[in-house]
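Just so it is clear, the model here is predicted, and its values are computed rather than measured. Chain naming here is simple, since letters A, B, ... match the order of the sequence lines and numbering starts at 1 in each.
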Number of protein chains: 6
Amino acid sequence: MRLLVLNPNTSPSVTERLAAVATRAASPGTEIVAVTAPRGFPYLSSRAEAQIGGAIALEMLAEKGGDYDGAVIAAFGDPGLHAARDVVEVPVVGMSEAGMLAACLLGRRFSLVTFAPALASWYEDCVALHGLTGRCASIRHLDEAFRSIGEVQEEKAEQLVALACRTVEQDRPDVIVLAGAPLAGLAPLVADRIPVPLVDPIAASIRQLEMLVAMTPRLPEAGRHLRPAAKPNSGLPPALSRIMAGR
Amino acid sequence: MRLLVLNPNTSPSVTERLAAVATRAASPGTEIVAVTAPRGFPYLSSRAEAQIGGAIALEMLAEKGGDYDGAVIAAFGDPGLHAARDVVEVPVVGMSEAGMLAACLLGRRFSLVTFAPALASWYEDCVALHGLTGRCASIRHLDEAFRSIGEVQEEKAEQLVALACRTVEQDRPDVIVLAGAPLAGLAPLVADRIPVPLVDPIAASIRQLEMLVAMTPRLPEAGRHLRPAAKPNSGLPPALSRIMAGR
Amino acid sequence: MRLLVLNPNTSPSVTERLAAVATRAASPGTEIVAVTAPRGFPYLSSRAEAQIGGAIALEMLAEKGGDYDGAVIAAFGDPGLHAARDVVEVPVVGMSEAGMLAACLLGRRFSLVTFAPALASWYEDCVALHGLTGRCASIRHLDEAFRSIGEVQEEKAEQLVALACRTVEQDRPDVIVLAGAPLAGLAPLVADRIPVPLVDPIAASIRQLEMLVAMTPRLPEAGRHLRPAAKPNSGLPPALSRIMAGR
Amino acid sequence: MRLLVLNPNTSPSVTERLAAVATRAASPGTEIVAVTAPRGFPYLSSRAEAQIGGAIALEMLAEKGGDYDGAVIAAFGDPGLHAARDVVEVPVVGMSEAGMLAACLLGRRFSLVTFAPALASWYEDCVALHGLTGRCASIRHLDEAFRSIGEVQEEKAEQLVALACRTVEQDRPDVIVLAGAPLAGLAPLVADRIPVPLVDPIAASIRQLEMLVAMTPRLPEAGRHLRPAAKPNSGLPPALSRIMAGR
Amino acid sequence: MRLLVLNPNTSPSVTERLAAVATRAASPGTEIVAVTAPRGFPYLSSRAEAQIGGAIALEMLAEKGGDYDGAVIAAFGDPGLHAARDVVEVPVVGMSEAGMLAACLLGRRFSLVTFAPALASWYEDCVALHGLTGRCASIRHLDEAFRSIGEVQEEKAEQLVALACRTVEQDRPDVIVLAGAPLAGLAPLVADRIPVPLVDPIAASIRQLEMLVAMTPRLPEAGRHLRPAAKPNSGLPPALSRIMAGR
Amino acid sequence: MRLLVLNPNTSPSVTERLAAVATRAASPGTEIVAVTAPRGFPYLSSRAEAQIGGAIALEMLAEKGGDYDGAVIAAFGDPGLHAARDVVEVPVVGMSEAGMLAACLLGRRFSLVTFAPALASWYEDCVALHGLTGRCASIRHLDEAFRSIGEVQEEKAEQLVALACRTVEQDRPDVIVLAGAPLAGLAPLVADRIPVPLVDPIAASIRQLEMLVAMTPRLPEAGRHLRPAAKPNSGLPPALSRIMAGR
């Protein structure tokens, strides 16, 4: 099976990390194709950026239409996820949704640990969107600026470990999710220094997406993700316009 | 004060209705400026369309920057609302948020009554987004197709009244919100045929927006709508690019 | 339109403050009539006092029957509010309900900041009564006694600002509501010293009440605030007895 | 021990029933004293009547001060209950609270079955007030008028049994609470005709009140029912005025 | 009436304490029979132990079948409680359920205070199982090891008082429940040193069980605790096998 | 990797089905080992049976200790799941937990469809235990008896399809979970006759368990599934006794 790892941002260094972790996590026989947004932001850290980034994710999915068996939207916060499920014909998972559901298998409450303050309030919305507020012990973030989105993982590894340990002590989660695409691959490197299980959301995404593709869930004819009726539109990028117009 | 009524869709006939109702609802001294989306969809009826429409709403707000004291995003479902609050410096309200909060002043539980089936599942997300699930008795919709978005109100008035009455009997709301921008102005015409109070969300939006503008709430330096740090970006429409880059 | 600002307490100095703030907040064409309770307590700070004060508010509304287009029950905690809606034929809003709903337009979570410890537990019930527990970040109060209910605002302004700032830092609300009728008018004076928007609940009440009166919601023939059947009664003050007996 | 069964209404026939059922339910050594409201309504069926009736209950408790070891407020809906706990020095239970908590011992979800439509919306508030919404399967009522509050139990027994059976079938509660003081004593007479356990709330109140009195819980010096500071007041009935003024 | 106090653990010293407190709490005419588990653990402190201990409780109830009018499962955490209600024909209450419901009569929020860290996470599940999460302010425990389960009460009394006082100050409960069978009888000894009411769950259990037995609730023919159909089984202890097979 | 599919019941025909479906669902390189309970019930349909069956599941896990990389407790209702996580050193998933979390990836609300009425109330507890009540649209069951647990799938396929379709129409779930181990493997056979995606919980369990094993989550040193301290015990089956005593 062929899975699309879609980075809705413009940082190729992050896409490379995502591709490497996804490839390592995939089962034999799964091919990973990673793509970087052709426009937009280097990374997303507000609802405003997520509104725009989510629309760009839709464009990217439309561009690649027919070319993959499933897709991961690989930005924590899941920009455009529910929108994508309305119009894409194969399974789509979000990195935060998949990471948090994996955490639910390991304990009653998880905490999200991330690297930038701006993210906390947006991630909080994301937890609520997935109906998981009751299982989220806390959302914690580092406070200092970072130098480069592509290397924030190496730059901040020590501080993230210290923050995760403090979070376990103060908020009592059973599991920690390392939140943020730039942190992909960090979990196994630091797991032995944190007293509860760690989840790498991109690894979790790939395995859960494989599960969905293997289940070949039918296109719904009822329920929430019933395809919307085709609708004329104007001024949209061509591939997106076609998919929204049902052509 | 000068209030922007922003129709994130491309149907000028709906904008005209919105402008008329908004003008009627406004206090003396309030000027209403209504604008229609330059691109996009004739109306929104799915999360996918809302993802795109919300990004277009952001573009429109950026284009008009500095030219208004407050704005209403005038599509039920509030596309782009929280994104807008992250970057716009004046108060912004959403039509569904304002309509539902007004309903809360009139009873414990409201029902939404709308004209198209596709809307129910998206509106359900919208209710949850505003934390009002516990106050929403039901979301009800007509099942048959309509002829024209600009005249759906006249075409379906009888069926909407009948549906509202059935909703009161079966779901026991205390208030009905007529949901959907194309229904603006219908409430006072049919109020005497429905046994509970009706809310017209666009009228409610204008009054609540006036309240916020009069309070002149300060730009937050903390909390959820703290402005995100300026960020380089590429490939966005010029005004939007500027606002996101903090220029 | 003529709006009643009903102080269910016996402190005329508080009524005067309320009247001044309400008049400033009202739109052109709105007349404010403020009344003070003829008996009861100088201010309310327990459920026991609210039970009695709410019954006195009903008496006052009955006394003034027919003489106003809408009423605000102007004690934070909304004593008698739902009772009033059962029997009064024009819109009635509660000061805390209106203040908290206005706060909902400005952020996901608000904190209440007030001046006396006894109030916190009663206000907590009030938040729950309005179904807003999920949107309330905290209820904070000063701990020291105050000298005079009529001047507590001036006496405690500095401490309230300090407390509001601490609340923002520790509880992370997006908005602060200055809770308590004696604090009416304080918000604009201190807004520039607190890093999130402030809500003055009495100003919010007037604007929202104007909205309801303008909507002329019909008397419900179904739902929660259906008038109760007239019922004989004995030993009640005359105006209240008449209204309860449906005379 | 000496327990006060306080009927906040003016119907002595209901008080007699309550006294009989309470006496039958009491343990050896418990004395029941039943009192009828000196003014107010023959029965309560709205929030407005409950606001007034609750204040009358406070007056009655103040009048009888020192003369009982515990009290039951014997109107379903618990008018004045939390207010009473703020000022009365012995345990006070509410008939609906006690009935619903007893039902919680018998199953996950209870339904309330009552005799008059006006009651449902008020009882719904009462369930929420006690934080038991998640355990309430439904609130069901008869629709037809009744002849006399003192004999509604005999008049409507057949219809109540039929309604309870329909409720079990349609709403799937595990337990039925017969709601309303005038139904006191009905449960054992009809229990064998209803497929789930029945709770008589007044019997449950007496037993739970005995438990509280036996525990001799101390007067709180912290928490929700900390006595409010004494406060001057004016125009209140003498005993109530004294208790509120801390004299 | 004859009530079984069932200690699902193997410590006779704890059973003796339970029997003494239960006897003191019982009304005249109630006989208390206390039994100790013939196998299992000296006390329970994990979900794994509770799974096994709950099955042993079922065996014990089956062994004693027909010999009692009601039973208390006397381990905090209520191991086997809902299972017991499925198959035992007389009322069964759980010590934590009864203690927490009694606490609900004394305030809005209770805290559990216990003597060992391992208990907190299991008790948290127990609170959720009973749908009382919204009324639980906190679960607090001592951190140091104890010498003997039979005398932990005497050994730790001072630390428990100090912890309860800290809990009142920091978590603001209205009531404290002393959680854990080995603490039975401690509440009245220390009540005057803690500023909110204390609940002894075993005393509360006896009184509530007496209430249920006096109500003689019928065996349900519908709802949650409908007897399961008899089912063949193999390898179970004889009495348990018989009751499960409906013999 | 080697995964244990643990049937806590005594029906080998069900184990065979489970093994076949699990083997089909597993990735290349995963070995499935299926085991049948040596004692207990042919299937579980009440909380009482689950209490016993869960303890038997613990015994079986202890017996096989060290011989597998992960385990599925393969009875819908997850008997013994949280207990197992307290003491087993490799990942353990429950069939209902895994099925419901997979459904969460496909829509907002799922319904459970099962074959026997007794199951509904137990499954409802299971949904609550996993904190997923807000995502469960309904639990529906067939009403008629079945002939054989091993062939209930073939016998009732038509009725289950009809019930699933009625459920979609009336309760509006986005996904259906076919609940009950004896239904393993039915989903792909009937998927094209039901208008929303179907989840086979055993297939979902295997894939999610593979994910957890691949993540090699560390043994927690904090949080909910911290190993309990070793504890002496008596009268338990030898392997279980050893594991509980930490030997």
Best-contacting candidate, E:A128, E:A84, E:P232, against chain F by heavy atom pairs under 4.5 angstrom: E:P232

When the 4.5 angstrom heavy-atom criterion is applied to F:I243 and chain E, the contacting part is neither

Any side-chain heavy atom of F:L119 sitting closer than 4.5 Å to one from F:F76? no

In plain terms, say whether F:D171 and F:R109 are close enough for a salt bridge, that is, a side-chain N and a carboxylate O under 4.0 Å apart. no

Go through the atoms of E:E124 and report whether side chain, backbone, both or neither lie under 4.5 Å from a heavy atom of chain F. neither

Please classify the contact of F:T10 with chain E as side chain, backbone, both or neither, using a heavy-atom distance under 4.5 Å. side chain

With heavy-atom distances below 4.5 Å as the criterion, would you say the side chains of E:P220 and E:R227 are in contact? yes

Options F:A57, F:A48, F:G235, ranked by heavy-atom pairs under 4.5 Å with chain E, top entry: F:A48

Using non-hydrogen atoms only, which part of F:L44 is less than 4.5 Å away from chain E: side chain, backbone, both, or neither? backbone

Within-4.5 Å side-chain heavy-atom neighbours: E:Y43 and F:K231: yes

E:N7/E:T36 under side-chain hydrogen bond (donor to acceptor under 3.5 Å, both in side chains): CA gap, chis, key distance, verdict: CA-CA 5 Å; E:N7 178 2; E:T36 305; 4.9 Å; no

Heavy-atom proximity to chain F below 4.5 Å, by part of E:A50: backbone

Under the ring-ring contact (aromatic ring centres under 6.0 Å, His included) definition, can you give me all pairs with a residue in residues 226-247 of chain F, not counting sequence neighbours? none

Which bit of E:L226 comes within less than 4.5 Å of chain F, counting heavy atoms only: side chain, backbone, both or neither? neither

Tell me which of these, E:G54, E:G223, E:G131, has more heavy-atom pairs under 4.5 Å with chain F than the rest. E:G54

For E:L236, is it the side chain, the backbone, both, or neither that has a heavy atom closer than 4.5 Å to a heavy atom of chain F? both

Set out, in order, the CA-CA distance, both residues' side-chain angles and the distance that settles side-chain hydrogen bond (donor to acceptor under 3.5 Å, both in side chains) for F:N233 and F:S241, then state yes or no. CA-CA 7 Å; F:N233 57 69; F:S241 174; 2.7 Å; yes

Which atoms of E:L81 are under 4.5 Å from chain F, going by heavy atoms: the side chain, the backbone, both sets, or neither? neither

I'd like to verify something: which residue of E:L58, E:I56, E:V87, E:N9 has the highest number of heavy-atom pairs under 4.5 Å with chain F? E:L58

Kindly check if the number of other-residue, nucleotide or ligand heavy atoms within 6.0 Å of CD (E:E154) is above 12? yes

Tell me, side chain or backbone of F:D125 under 4.5 Å from chain E's heavy atoms, or both, or neither? side chain

Under 30°, 30 to 60°, or over 60°: which ring-plane class applies to F:H82 and F:H225, parallel, tilted or perpendicular? parallel

Only pairs of heavy atoms separated by less than 4.5 Å count here; which of F:R47, F:R39, F:E59, F:E49 has the most with chain E? F:R47

